There are 4 protein chains.
Amino acid sequence: MSARREATRQKLFEAAITLISEHGFGATTVDQIAERAGVAKGTVYYNFAGKAELFTALLEWGVDRLAEHLRAAVSGPPRAALTEVLRAELAFIGTHEAFARLLMAETWRTNQVWYAAVRQIRSKAIGVISGLLEELAAEGELPAGLDVGVAASALFGMVLTVALDWRTLQPDRPLEEVHTTVARMVEGMLRADDRSGETNGGPSLTPRRTPR
Amino acid sequence: MSARREATRQKLFEAAITLISEHGFGATTVDQIAERAGVAKGTVYYNFAGKAELFTALLEWGVDRLAEHLRAAVSGPPRAALTEVLRAELAFIGTHEAFARLLMAETWRTNQVWYAAVRQIRSKAIGVISGLLEELAAEGELPAGLDVGVAASALFGMVLTVALDWRTLQPDRPLEEVHTTVARMVEGMLRADDRSGETNGGPSLTPRRTPR
Amino acid sequence: MSARREATRQKLFEAAITLISEHGFGATTVDQIAERAGVAKGTVYYNFAGKAELFTALLEWGVDRLAEHLRAAVSGPPRAALTEVLRAELAFIGTHEAFARLLMAETWRTNQVWYAAVRQIRSKAIGVISGLLEELAAEGELPAGLDVGVAASALFGMVLTVALDWRTLQPDRPLEEVHTTVARMVEGMLRADDRSGETNGGPSLTPRRTPR
Amino acid sequence: MSARREATRQKLFEAAITLISEHGFGATTVDQIAERAGVAKGTVYYNFAGKAELFTALLEWGVDRLAEHLRAAVSGPPRAALTEVLRAELAFIGTHEAFARLLMAETWRTNQVWYAAVRQIRSKAIGVISGLLEELAAEGELPAGLDVGVAASALFGMVLTVALDWRTLQPDRPLEEVHTTVARMVEGMLRADDRSGETNGGPSLTPRRTPR
DNA sequence: AATGAATGAGCATTCATTCAT
DNA sequence: GATGAATGAATGCTCATTCAT
């Protein structure tokens, strides 16, 4: 892979990610991508097998960056780490709004060629959260009856929704304000075990795992 | 509006909602909609101004049903009502999976003709949740620093995400199992005020409103 | 099938047959076909599944006409009938030169989608000739050792080649002059049995059939 | 012309002849030719002016070999030589089936750049046959009224057709079986003069020449 | 009220050719 | 001599929309 080719692929990535997240996969044309990247249309096909493959490569690229970003936020005790990871997710979306819209819009499509790819890719990011929840579960800090897999996806989706609403409706609001609400909600969930014995239904104190 | 015409519109609705949620708005053709509805292509245009208008009508129809479904679940004290509303959302998505995918996929698109419509429509459903949160806030049952608007969108998005993951990855799992996790997470949040005074940062005890 | 649609298909046929036979299948564009037929490009696709299908339908249409033309020439004793059928083939090609070029050019392609169609279609025309040869064989008028299937294809190909050379190199020459040569060649073949016993190699006097 | 370059051209020839005869000129891409030849795409253009020129060179190369093959079969009295030449044509096609298909498919195209080249090239091969027919005509062994030029093209086309049908439909059949039928047909034609005086139309005993 | 044939702008994709290395 | 990245005109095909019936 020559350096020139690599540079071209990078330009195409950046052009495609913006356009697709703004107009969606279907409404973005290869002409637009090529023009924005400053190359000829044929160059798109010289570098990627097709529009769909460019899209898949793009998703992978984006989720890798997101996962990396989340992993970098993990430090210290799991409780604090979780709050930080969610802040990192919020921050990432603030910076890469275009990609987040793309992820939201295309993840829930069925019957698509790239369906499998999207699911697998998404789980990379959620994996960081569920890893922390596993640790908290091991320390008995999760409420009884909580399924770690479900909870991880719940937190991921919650933050994604909040973040996009933030960017869409109140883009000028500082991140911290938004994060406070998220943090409060999560704290409540985590501290639930402090009160276990009060009302929690009996002895099933161990969190449940997502069945396979 | 004749009964015959109304029946035709209904057939078109049902055909469109399934197809669009499976393949997306862009990838669904008017031909497919007409064929699935068992009418000629021209009939679509006799009954709707165009594909986009059919889509808008469809969203409205679906969100009205969702909001209605959620409102019907509101009863008793707000705390219990909130749990029930979220269960209702979960159940609605279980039954109208196609519509939920559609809502998720198209809500986050910018620069679309129906962007305004989608936002307005979506707020109908979220409104039911934020209504309950307002009541809880008035009773002092929400953690300090919690923004009701953000929290409502967070809960709505959380349940939507969980529900679609459930339908996609573990469709045979009973609703109750999934709901348990959601309920535990929300309970923690609500009970947070039981512990207020412990660690809450300072005097800002009243929940904040989402600024307009 | 409405009358209007049928008329459109006919216009497309006539446009396509001329263009394809002049420039070949690959070099003829759908734009050209539509323009020559005086319809919009989309109309081609409304009436045929695609370019290849239009081509297949075209071949079938042409070979049906050719076979019909050849059958119409069959009358009287088989010996005379054969001469007349070959004259009819020559005449048909004189009139439908474009189609004949098409048949020649595309019959011998392997690995094509329409390969099977072409073979089957071509055998319709050859069938008329082999039918006559069967009759002649039954009357003992064919030379020993002659395979009827091979001979029919030989005569068909011989006349096709001669006819196209005629149209290409000496288009002003009258048909009769060309037919004379063909007729002389065939007469020789048929009269071979007059001399059987002279030099024919042994007892295998019955013509052979093409093995399956 | 360096040895290396000559080797590259040879590789390109072999790759092109197979691909073009299998898929046709139009459907064969320069990429495919380069890949099959094991060289880079640019190398094709370094060695040939373009795709069309490669094709012309290819045809010439093939027809030269065919003509050479036919000439080598000429020996002894013209009557026997003719049978042998036709056997040689059959054998050549059995061995170079790909090239024969190519010749058949492209000879009959009008309006092509290489039209003139193809005709001229083809006449080399037919020339061997018409040469023998001229000799036979001089010895009075051809039927009256036979045009030598037409007859040569007829025999060439007849054998080409038979040969390709043989390779396509009954590739396992031995060459001799196919050749027997061809030989019988030609024998009949040649011996026709043995019977002249019987029914041949009057005094026009001298074969005619193809007018120019 | 419904139909379906026709339309044509728009799109993804292909591919012969060029050229800097 | 050879390479392969880049090009862009050309092409098959799609599909929302129109309209005469």
Side-chain angles (χ1 to χ4, degrees), chain A residues 1-9 26-34 38-54, chain B residues 1-9 26-34 38-54, chain C residues 1-9 26-34 38-54, chain D residues 1-9 26-34 38-54:
Chain A
M1 190 80 70
S2 74
R4 184 182 181 196
R5 187 166 183 181
E6 197 52 49
T8 302
R9 289 175 70 100
T28 300
T29 69
V30 176
D31 271 292
Q32 289 165 2
I33 296 173
V39 300
K41 200 203 277 208
T43 304
V44 177
Y45 290 89
Y46 186 73
N47 284 285
F48 296 93
K51 195 186 168 191
E53 284 73 18
L54 170 55
Chain B
M1 187 84 68
S2 78
R4 183 182 176 194
R5 185 164 183 185
E6 197 51 45
T8 301
R9 287 175 70 98
T28 300
T29 70
V30 176
D31 271 290
Q32 289 165 2
I33 295 172
V39 301
K41 198 195 233 184
T43 305
V44 177
Y45 288 87
Y46 185 74
N47 283 283
F48 296 93
K51 195 188 169 190
E53 285 72 18
L54 169 55
Chain C
M1 189 81 70
S2 75
R4 185 183 180 196
R5 188 166 183 182
E6 197 52 48
T8 303
R9 289 175 70 100
T28 300
T29 71
V30 176
D31 271 290
Q32 289 165 2
I33 295 173
V39 300
K41 199 204 278 209
T43 305
V44 177
Y45 289 90
Y46 185 74
N47 284 283
F48 296 93
K51 196 187 167 190
E53 284 73 18
L54 170 55
Chain D
M1 186 84 69
S2 78
R4 182 181 178 194
R5 183 163 184 186
E6 197 51 45
T8 302
R9 287 175 70 99
T28 300
T29 70
V30 175
D31 271 291
Q32 288 165 3
I33 295 172
V39 301
K41 200 197 231 184
T43 306
V44 177
Y45 288 87
Y46 185 74
N47 284 284
F48 295 93
K51 195 187 168 190
E53 286 71 19
L54 170 55

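All chains are named by letter (A, B, ...) in the order of the sequence lines, taking the proteins before the strands, and each is independently numbered beginning at 1. Values reported hereafter were calculated over all heavy atoms of this structure, with side chains retained and with hydrogens, waters and symmetry mates removed. In this text, all values refer to a predicted model and were calculated from it rather than measured experimentally.
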Report yes if at least one side-chain N or O of [X] is closer than 4.0 Å to OP1 or OP2 of [N]; otherwise report no.
{"X": "R4(A)", "N": "dA6(F)", "result": "yes"}
{"X": "T8(C)", "N": "dA6(E)", "result": "yes"}
{"X": "Y46(B)", "N": "dA1(E)", "result": "yes"}
{"X": "S2(B)", "N": "dA1(E)", "result": "yes"}
{"X": "N47(B)", "N": "dA1(E)", "result": "no"}
{"X": "Y45(A)", "N": "dT14(E)", "result": "no"}
{"X": "T43(D)", "N": "dT3(F)", "result": "yes"}

Residue met sooner reading DNA chain E from 5', once A49(D) and G38(B) are mapped to nucleotides: G38(B)
DNA chain E: E53(D) or V39(C), which has the more 5' nearest nucleotide?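 Residue closer to the 5' terminus by nearest nucleotide: V39(C).
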Quickly work out the [X] [atom1] to [N] [atom2] distance and round it to whole Å.
{"X": "K51(B)", "N": "dC15(F)", "atom1": "NZ", "atom2": "P", "answer": "8 Å"}
{"X": "R5(A)", "N": "dA5(F)", "atom1": "CZ", "atom2": "P", "answer": "5 Å"}
{"X": "I33(D)", "N": "dT17(E)", "atom1": "CD1", "atom2": "C1'", "answer": "13 Å"}
{"X": "Q32(C)", "N": "dG12(F)", "atom1": "CD", "atom2": "P", "answer": "8 Å"}
{"X": "D31(D)", "N": "dT7(F)", "atom1": "CG", "atom2": "P", "answer": "16 Å"}
{"X": "L54(B)", "N": "dC15(F)", "atom1": "CG", "atom2": "C1'", "answer": "15 Å"}
{"X": "F48(C)", "N": "dG12(F)", "atom1": "CZ", "atom2": "P", "answer": "15 Å"}

Dot-bracket for DNA chain F, 5' to 3', Watson-Crick and G-U pairs with both distances under 3.5 Å, [ ] for crossing pairs, | for partner on another strand, reads .||||||||||||||||||||
Taking all non-hydrogen atoms of both residues, which atom of K41(C) and which atom of A34(C) are closest, and how far apart? CA-CB, 3.8 Å
Where is the tightest heavy-atom contact between K51(A) and T28(A), given as atom of each residue plus distance? NZ-O, 2.8 Å
State the OH-CZ distance between Y46(C) and R5(C), to the nearest 0.5 angstrom. 5.0 Å
Nearest 0.5 angstrom please: R9(B) CZ to T43(B) OG1, how far?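 Answer for the CZ-OG1 pair, R9(B) versus T43(B), is 13.0 Å.
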On DNA chain F, does the nearest nucleotide to A40(D) precede the nearest nucleotide to G42(A) from the 5' side, or the other way round? Give the residue.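 The residue mapped nearer the 5' terminus is A40(D).
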Toward the 5' end of DNA chain F, which comes first, T28(C) or T28(B), by nearest nucleotide?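 Its nearest nucleotide being more 5', the pick is T28(C).
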Which is true for V44(D) with a 4.0 Å heavy-atom rule: it touches a base, it touches only sugar-phosphate, or it touches nothing? nothing
Heavy atoms only, 4.0 Å cut-off, all strands: where does K41(C) land among base, sugar-phosphate and nothing? base
Given dT13(E), dT11(F), dT17(E), the nucleotide with the shortest approach to the side chain of T29(C):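 My answer, after comparing the listed nucleotides, is dT11(F).
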Between L54(A) and V30(A), is a side chain to side chain contact (heavy atoms under 4.5 Å, CB included) present by the stated rule, with each step listed? CA-CA 10 Å; L54(A) 170 55; V30(A) 176; over 6 Å; no
